[in-house]
Amino acid sequence: MIMEEEELLGLFEVMDALLEDPDWAQAHPQPCTDTPWPGVECEVSSSNQPIFHVTKIHIGPDIISPPCKPKAYLSESLLKLKYLKTLSIFNCFVASPVTLPKTLFGPFSSLEHLALQSNQALSGEIPTSLGDVVSLRVLSLSQNSLKGNIPSHIGGLVGLEQLDLSYNNLSGQIPKEIGGLKSMTILDLSCNVIEGILPHSLGQLQLLQKMDLHFNRLSGNIPPDLGNLKRLVLLDLSHNFIGGPIHETLSSLELLEYLLIDDNPIKGGIPQFIGKLRKLKSVSLSGCGLTGHIPYTFSYLKNLTALSLGNNTLTGPVPPNLGSLPNLDQLNISHNRLSGVLQLPDEFIRKLGKRLDVRGNSELCIVDQPNKKNLSSYLEIPSCLNMRQKNDDSFAGGPLEDLSGIKPSWYASHPSSCSSCLNDLQVILFTLVLILNLVM
């Protein structure tokens, strides 16, 4: 069995444009049979006269020799490889600038997997002709230097299952046509400069398992339509300009494991329904301008391994039942306005170590116990005893108008451990009343 002459010649020309080996064709005159190369795969046609066809070309760091040319490029001889199903080129275009020719991919009728990744010299725009390769199931152009808009023509890839355009310089808006890709399971547009609102059409991707849009310039609100994505496992909208509220419809994402929305101006309270998403492993809502209390419903998330709520304006006590979550290994509630006694179990505090961050809550304290490690110093929050003495001193040493220096809200949040503080305050107030009566 042999290869068609034009197809074989096309393969030689493609490899000559990519590899630093002028003798590659001589070393592999029959690359499908007698002289194979690890980056080329072939299949036998099912016609009456069996013949080999090139179906895969892969170039990457896992194939050490020969390396890519300093001036490697994509040859239009790819058009001669009519049976090519997979083209994957990693870390090859790193020196001379390379662009994707506008007419290179349109005629392909069999290409299913196109991955051009980690090519820092691959620049220019995504050609609209890619939208004509209707056989594509995987399109990955991540970690390049591509720029310009995401072409709306991508909506023509009706069989596309994975779209990864992350880590480029793409701009403009997310085309609403992406919502027509009903077979999509992975959508990753992270680390670009994409702006505008999230299109409601994203809610039509009902097979979607991963949506990663972090580090862009997206704005507007989270569309309630995202609640239709019942198979979603990861939702990452972090580091954008998206506002709240987080809509109640997201409570239907029962398979969600990763909810990452940190560094967005969400504002408002933490939605109670998050406690119903029992599959959650990681929740990150830091830097969202959140107010109100930490919901006790977080204690229902038995699979939770990481919870980050830092850099907000949350108030009230820290729910002690967070310390009973069996898998929680990272807890960040730093730089809020939390108050009261930190009543997390000592065993939980020791287990997390530095992965427990409670700093920057001026009215939060911990009861240091004798013969145990000084937890207040370790966690960088005050001891409740020291805080009580400070408050008592500020009251006893000042005039009558300094009563405002006492923090009644702090005392109220310590009904059990600070009952003696309340008794002391009552005695002082009684004495003051007595003195005033004598003066009068």
Worksheet item: For the atom pair OG (S251) and CD1 (I246), what is the distance rounded to the nearest 0.5 Å?
Response: 12.0 Å
Worksheet item: So with a 6.0 Å cut-off around NZ of K351, is the heavy-atom count from everything else above 12?
Response: yes
Worksheet item: More than 12 heavy atoms of other residues, nucleotides or ligands under 6.0 Å from CZ of R278: is that the case?
Response: yes
Item to complete: Would you name the heavy atoms of L232 and L253 that are closest together and state the gap between them?
Response: CD2-CD1, 4.3 Å
Item to complete: Can you measure from CD (E112) to NZ (K85) and round to the nearest 0.5 angstrom?
Response: 5.5 Å
Worksheet entry | S45 side, atom OG; E4 side, atom CD - distance, nearest 0.5 Å | 8.0 Å
Practice prompt. May I ask you to test the I126-N168 pair for a side-chain heavy-atom distance under 4.5 Å?
Written response: no
Item to complete: Can you establish whether the number of heavy atoms outside K69 located under 6.0 Å from its atom NZ is more than 12?
Response: yes
Worksheet item: At what distance, to the nearest 0.5 angstrom, does OG1 of T86 lie from CD1 of I57?
Response: 10.0 Å
Practice prompt. Check L260 against S282 and note the closest heavy-atom contact, atom names and distance.
Written response: CD2-OG, 3.8 Å
Discussion item. Ring-plane angle category for W37 and H28, please: parallel below 30°, perpendicular beyond 60°, tilted otherwise.
Written reply: perpendicular
Worksheet item: Are L344 and L352 side-chain neighbours, meaning at least one heavy-atom pair lies under 4.5 Å?
Response: no
Worksheet item: Backbone N or O of E363 within a donor-acceptor pair of the S339 side chain at under 3.5 Å?
Response: no
Worksheet item: Has E254 got more than 12 heavy atoms of other residues, nucleotides or ligands less than 6.0 Å from its CD?
Response: no
Discussion item. Is it the case that over 12 heavy atoms from other parts of the model lie below 6.0 angstrom from the OH atom of Y300?
Written reply: no
Worksheet item: Looking at N264 and I242, what are the two nearest heavy atoms and their distance?
Response: OD1-N, 2.9 Å
Practice prompt. Evaluate whether atom NZ of K71 has more than 12 neighbouring non-hydrogen atoms of other residues, nucleotides or ligands under 6.0 angstrom away.
Written response: no
Discussion item. Going by ring pair (Phe, Tyr, Trp, His ring centres under 6.0 Å), name the residues that satisfy it together with F90, two or more places apart in sequence or in a different chain.
Written reply: H58
Discussion item. Within this structure, what is the CG-CG distance for the pair N192 and N169, rounded to the nearest 0.5 Å?
Written reply: 7.0 Å
Discussion item. If the condition is ring pair (Phe, Tyr, Trp, His ring centres under 6.0 Å), which residues does Y83 pass it with, not counting sequence neighbours?
Written reply: H53
Item to complete: Please say whether more than 12 non-hydrogen atoms of neighbouring residues, nucleotides or ligands are located less than 6.0 Å from CD in Q26.
Response: yes
Practice prompt. Would you check if there is a donor-acceptor pair between the side chains of H335 and N311 at a distance under 3.5 Å?
Written response: no
Worksheet item: With a 4.5 Å heavy-atom cut-off, do I174 and N216 have their side chains touching?
Response: no
Worksheet item: Is the count of non-hydrogen atoms from other residues, nucleotides or ligands lying under 6.0 Å from F298 atom CZ greater than 12?
Response: yes
Fill in: Trace of the side chain to side chain contact (heavy atoms under 4.5 Å, CB included) decision for L189 with I150
CA-CA 10 Å; L189 307 178; I150 301 172; 4.1 Å; yes
Worksheet item: Tell me, do N312 and I270 make a side-chain contact under 4.5 Å, heavy atoms counted?
Response: no
Practice prompt. Using a 4.5 Å cut-off on heavy atoms from C-beta on, say whether the side chain of L256 contacts that of L250.
Written response: no
Practice prompt. Could you check if a side-chain atom of T185 sits within less than 4.5 angstrom of a side-chain atom of K210, using non-hydrogen atoms only?
Written response: no
Worksheet item: What do the steps show when you test L146 against L170 for side chain to side chain contact (heavy atoms under 4.5 Å, CB included), and what is the final call?
Response: CA-CA 6 Å; L146 298 170; L170 298 172; 4.2 Å; yes
Worksheet item: side chain to side chain contact (heavy atoms under 4.5 Å, CB included) between L342 and L379: does it pass, once the steps are laid out?
Response: CA-CA 10 Å; L342 184 68; L379 295 175; 3.8 Å; yes
Worksheet item: Under 3.5 Å, is there a donor-acceptor pair between the E177 and S152 side chains?
Response: no
Discussion item. Testing the basics here: between P101 and S129, what is the closest heavy-atom pair and its distance to 0.1 Å?
Written reply: O-OG, 4.5 Å
Worksheet entry | Closest non-hydrogen atom pair, P317 against Y296 | CG-OH, 4.3 Å
Practice prompt. Among M184, R231, K230, find the residue that satisfies the side chain to side chain contact (heavy atoms under 4.5 Å, CB included) test when tested with L208.
Written response: M184
Discussion item. Under a 3.5 Å distance rule, please check whether S201 uses its side chain to pair with a backbone N or O of K176 as donor and acceptor.
Written reply: yes
Item to complete: Check whether any side-chain heavy atom of I266 lies under 4.5 Å from a side-chain heavy atom of L285, and answer yes or no.
Response: no
Discussion item. If we check side-chain hydrogen bond (donor to acceptor under 3.5 Å, both in side chains) with S77, which of these qualifies: E13, E6, E7?
Written reply: E13
Fill in: Side chain to side chain, L100 and L122, heavy atoms closer than 4.5 Å
yes
Discussion item. To the nearest 0.5 Å, what is the distance between OG on S142 and OH on Y167?
Written reply: 9.5 Å
Discussion item. C365 vs V341, test: side chain to side chain contact (heavy atoms under 4.5 Å, CB included). Steps then yes/no.
Written reply: CA-CA 5 Å; C365 68; V341 178; 4.2 Å; yes
Item to complete: Apply ring pair (Phe, Tyr, Trp, His ring centres under 6.0 Å) to H214 and list each qualifying residue two or more places apart in sequence or on a separate chain.
Response: none
Worksheet item: Which atom pair, heavy atoms only, marks the closest approach of V44 to P50?
Response: CG1-CB, 3.9 Å
